[in-house]
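Each remark here refers to the structure printed beneath this line.
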Number of protein chains: 2
Amino acid sequence: MAIAATETQPTAARAFGPAAALSCRECGERYDLAPRFACEFCFGPLEVAYEFGALTRAEIERGPNNIWRYAGLLPVPDNVAELPNMDPGLTPLVRADRLAGELGMRSLHVKDDSANPTHSFKDRVVAMAVEAARTFGFRTLSCSSTGNLAGAVGAASARAGFRSCVFIPAGLEEGKVVMAAVYGGQVVAVDGNYDDVNRFCSELIGDPAGEDWGFVNVNLRPYYAEGSKTLAYEIAEQLGWRLPEQIIVPIASGSQLTKIDKGFRELIELGLVEDRPYKVFGAQATGCSPVAAAYEQGHDVVQPVKPDTIAKSLAIGNPADGPYVIDVCRRTGGAVAHVDDAAVVDSIGLLARTEGVFAETAGGVTTGVLRKLLDEGALDPDAETVVLNTGDGLKTLGAVEAGVTATIKPSLDVFKEAGLL
Amino acid sequence: MAIAATETQPTAARAFGPAAALSCRECGERYDLAPRFACEFCFGPLEVAYEFGALTRAEIERGPNNIWRYAGLLPVPDNVAELPNMDPGLTPLVRADRLAGELGMRSLHVKDDSANPTHSFKDRVVAMAVEAARTFGFRTLSCSSTGNLAGAVGAASARAGFRSCVFIPAGLEEGKVVMAAVYGGQVVAVDGNYDDVNRFCSELIGDPAGEDWGFVNVNLRPYYAEGSKTLAYEIAEQLGWRLPEQIIVPIASGSQLTKIDKGFRELIELGLVEDRPYKVFGAQATGCSPVAAAYEQGHDVVQPVKPDTIAKSLAIGNPADGPYVIDVCRRTGGAVAHVDDAAVVDSIGLLARTEGVFAETAGGVTTGVLRKLLDEGALDPDAETVVLNTGDGLKTLGAVEAGVTATIKPSLDVFKEAGLL
């Protein structure tokens, strides 16, 4: 069931629902809703601007059990729930009492986005891009990806009937490569790291060869990025329409963190939650921590780095939204921190053995940063806290050393002698 | 929010909700709700018998977005949703229009249980066993497993605070081994196949060494098995409180198929759905098809086989519920069929490229049987049909041959020359 975007609109579907324009995040210049991503005047990034109608908690709660319950807050048509899409979202907000106990915390939840259709948060953003691509008449969906996005684009293209061609850095984890390729689209590995792949895609999109392609995270990026707002909406709704006091978010491009902040602010503005302070904390792996470095040094500009970390889904050395991440974390009283690969592995294990959540390396990064900031006193152990797991351990099997305890003959005597009881 | 099990019960939680007794499926002898699984008189399997109270669609729809919305139909306490458990269920029922189109069908849905917490339907049954183990005071959870169950037991034990020790056949897929071990419990590989592992566990449970262990699929099996009913409830609710006309279910032990039938019949008896005919079809891999063989030969007894198939999660050569499966399929007008491993691989690809669902080999088996029975005219292409995907392709990566289309230098010229546009 779709939610009416505004009270006064006609019932005919509008392609972008409550979205009114694209606006430049730097200079505020407004543009029609088109497949464009950079301001013509100042080259700043464009984002979706809305004219929201009235929307109640009850209307949202009556909606479908996926992100389309928030259709009234997203750049999608009213009837989006009826269109072929992966319908991600409403992933579990796990009450993590055992992990909280180990860390000496009072209230901790894990938002577990491994429950999405292709087992990462990327299904949320791709779902938006699919709707925009449909409206703009693109036939091919594409992306530059560290792996999770490639799988999400592949699956969504299959479901919605698009051709797909995704670009990944060579040498990704097997699970991510297979999951990108199994849906029948093209998967092109590029010699280089993610930043090289991204530059290649920018070149392709400027070429006539790529002109009818929808690159979900380039020319569809303003629409795509809005999908991350749904994490904020769901967390607030699942807490009983309340904002958490502290949230720990991983940083790759940084877009997710800034959109979670945008989502929280929208809920306050619409009167759907009480206006109370919340602190946003950003998490990076030490081997790719340009935003944390800038934050620690008090800079506004993020110096690109060459990534070297097992957290490949966060291995973006030149994060597009880095400066905006620093803004959000400073404004809300949060911080940006990083943990090394050993802490990532250890934190994956901690989360698994206390809560039964098998996180991707990115979830090890956020859980590791949670522990680190608690140790340093930067996080309040008594404040209501949410930590994000944005991906699935099955896709990064090589990062954990877990295997059989023993191999035995099928005999009770052998079992007893092995001392396994 | 838990659902009141009956209208007249006091609000104090009863450990097994509407469950009234265990009863023998062969002779009908009744037993108290205890950790027992076989009839003392005829050695028949025990199952849970209920005294249901009145329950409305609206009460269910107001419940949590997981299997606990059906708590009033399950052997669990009223307050189950507040207890630490994996809270599986309410997985997507995907409207598979593109797959239906390829197969010439009018209405097809895929029930995609890869969306469960450990990405197989086993989370449903383990969730029941956890509640029974809590009530009976067991400290250790155990199982014999072809892989998916081991992961589900490991995760649920971590979440709910049990020690765990699971038994698997040696040589399982890496994804399944890691997913069993990452939660910190013991994983014991046994030299032999699943049937050897199962015999070993029966030996252990009869020994004093195993007496305080809850084996989810042995001494907790009557409770555990009820979890599969939730698949039936969800499919009916997601179709708009209507039974499908045809459903294709994989057969491992056969328990899932018989419980889906039980769930449909309960919904009819409770007046929650219209009483209309439905046909249940069972699906096996040719390399482990003892139930299909017995069905084809018109036998009631299932002759054990030695499994040899890539569909390891279905590789049970001596399926405990085989005869009951044949009963259900004959009674409802369905059938039991099998497909070879090549058809399994091909069907995984078909499901992925038409619907964006990356199924485990078991999903390849059901989709393969769907195609085969359509070709043979045993399935009606115009009847409303549901096919089950009970697991996740990420756990059986070796079964599919999907990889990068090409590896190129990050240059537009190279890309164009490669002919990939």
Side-chain angles (χ1 to χ4, degrees), chain A residues 65 84 86-87 90 92 97-98 115 117 119 155-156 158-159 161 165 170 174-175 177-179 181-184 186-192 196-197 199-200 203-204 207 209 349 352-356 358 392-395 397 400 402-412 415-416 420-421, chain B residues 65 84 86-87 90 92 97-98 115 117 119 155-156 158-159 161 165 170 174-175 177-179 181-184 186-192 196-197 199-200 203-204 207 209 349 352-356 358 392-395 397 400 402-412 415-416 420-421:
Chain A
N65 290 322
M86 295 299 287
D87 305 336
L90 221 61
D97 290 347
R98 282 166 44 81
H119 306 322
R159 177 80 58 89
C165 182
E174 184 195 6
V177 173
V178 173
M179 199 150 195
V182 74
Y183 305 104
Q186 290 194 315
V187 179
V188 178
V190 174
D191 281 327
D196 297 320
V197 179
R199 269 191 299 275
F200 167 77
E203 204 185 344
L204 177 53
D207 189 273
R353 71 178 164 74
T354 54
E355 297 299 338
F358 183 20
D392 201 296
L394 273 174
K395 294 198 208 176
L397 287 178
V400 293
V404 297
T405 315
T407 301
I408 62 167
K409 301 278 176 206
S411 144
L412 195 53
F415 179 62
K416 286 179 177 175
L420 295 167
L421 278 167
Chain B
N65 289 324
M86 295 299 286
D87 305 336
L90 221 61
D97 290 347
R98 282 165 44 81
H119 305 323
R159 177 80 58 90
C165 181
E174 184 195 6
V177 173
V178 173
M179 200 151 193
V182 73
Y183 305 105
Q186 290 194 317
V187 179
V188 179
V190 175
D191 280 329
D196 298 319
V197 179
R199 272 191 299 274
F200 168 76
E203 204 184 344
L204 178 54
D207 188 274
R353 72 179 162 76
T354 53
E355 296 300 337
F358 183 20
D392 200 296
L394 273 175
K395 294 198 208 177
L397 287 178
V400 293
V404 297
T405 314
T407 301
I408 62 167
K409 302 278 176 206
S411 141
L412 194 52
F415 179 63
K416 287 179 177 176
L420 296 167
L421 278 167

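What you are looking at is a predicted structure, and each value in this text was computed from that prediction instead of being measured. We name chains A, B, ... by the order of the sequence lines, and we start the count at 1 in each one.
Counting all heavy atoms, side chain and backbone alike, Leu394(A) lies closest to Phe358(A) at N-CE2, 3.7 Å. Nearest heavy atom pair, residue Gly356(A) against residue Ala158(B), reads N-CB, 3.7 Å. Considering all non-hydrogen atoms of both residues, Arg98(B) and Gly161(A) come closest at NH1-CA, 3.6 Å. The minimum heavy-atom distance between Leu412(B) and Glu203(A), with the atom names listed, is CB-OE2, 3.5 Å.
Counting heavy-atom pairs under 4.5 Å between each of Pro84(B), Gly393(B), Ala155(B), Cys165(B) and chain A puts Ala155(B) at the top. Annotation: maximal heavy-atom pairing with chain B below 4.5 Å, among Asp196(A), Val178(A), Asp87(A), Asp97(A), occurs at Val178(A). Note on Val177(A), Val197(A), Leu397(A): by heavy-atom pairs under 4.5 Å with chain B, the leading option is Leu397(A). The greatest number of non-hydrogen atom pairs below 4.5 Å with chain A, out of Glu174(B), Arg199(B), Arg159(B), is found for Arg159(B). Among Thr354(B), Asp207(B), Val400(B), the residue making the largest number of heavy-atom pairs under 4.5 Å with chain A is Asp207(B). Most heavy-atom pairs under 4.5 Å with chain A, from the set Gly192(B), Ala170(B), Ser411(B): that is Ser411(B). In terms of non-hydrogen atom pairs under 4.5 Å with chain A, the most contact-rich of Ala156(B), Ala189(B), Gly349(B), Gly184(B) is Ala189(B). Chain A forms the most heavy-atom pairs under 4.5 Å with one residue out of Val188(B), Val182(B), Leu90(B), and that residue is Val182(B).
Heavy-atom distances place no part of Pro92(A) under 4.5 Å from chain B, backbone and side chain included. Residue contact with chain A, scored on non-hydrogen atoms closer than 4.5 Å, involves the backbone and the side chain of Tyr183(B) alike. Interface remark: Asp392(A) contributes side-chain atoms only to the contact with chain B (heavy atom separation under 4.5 Å). Residue contact with chain B, scored on non-hydrogen atoms closer than 4.5 Å, involves the backbone and the side chain of Val404(A) alike.
With rounding to the nearest 0.5 Å, the separation of CD1 in Ile408(A) from NZ in Lys416(A) is 12.0 Å. The distance from the NZ atom of Lys395(A) to the NE2 atom of His119(A) is 7.0 Å, given to the nearest 0.5 Å.
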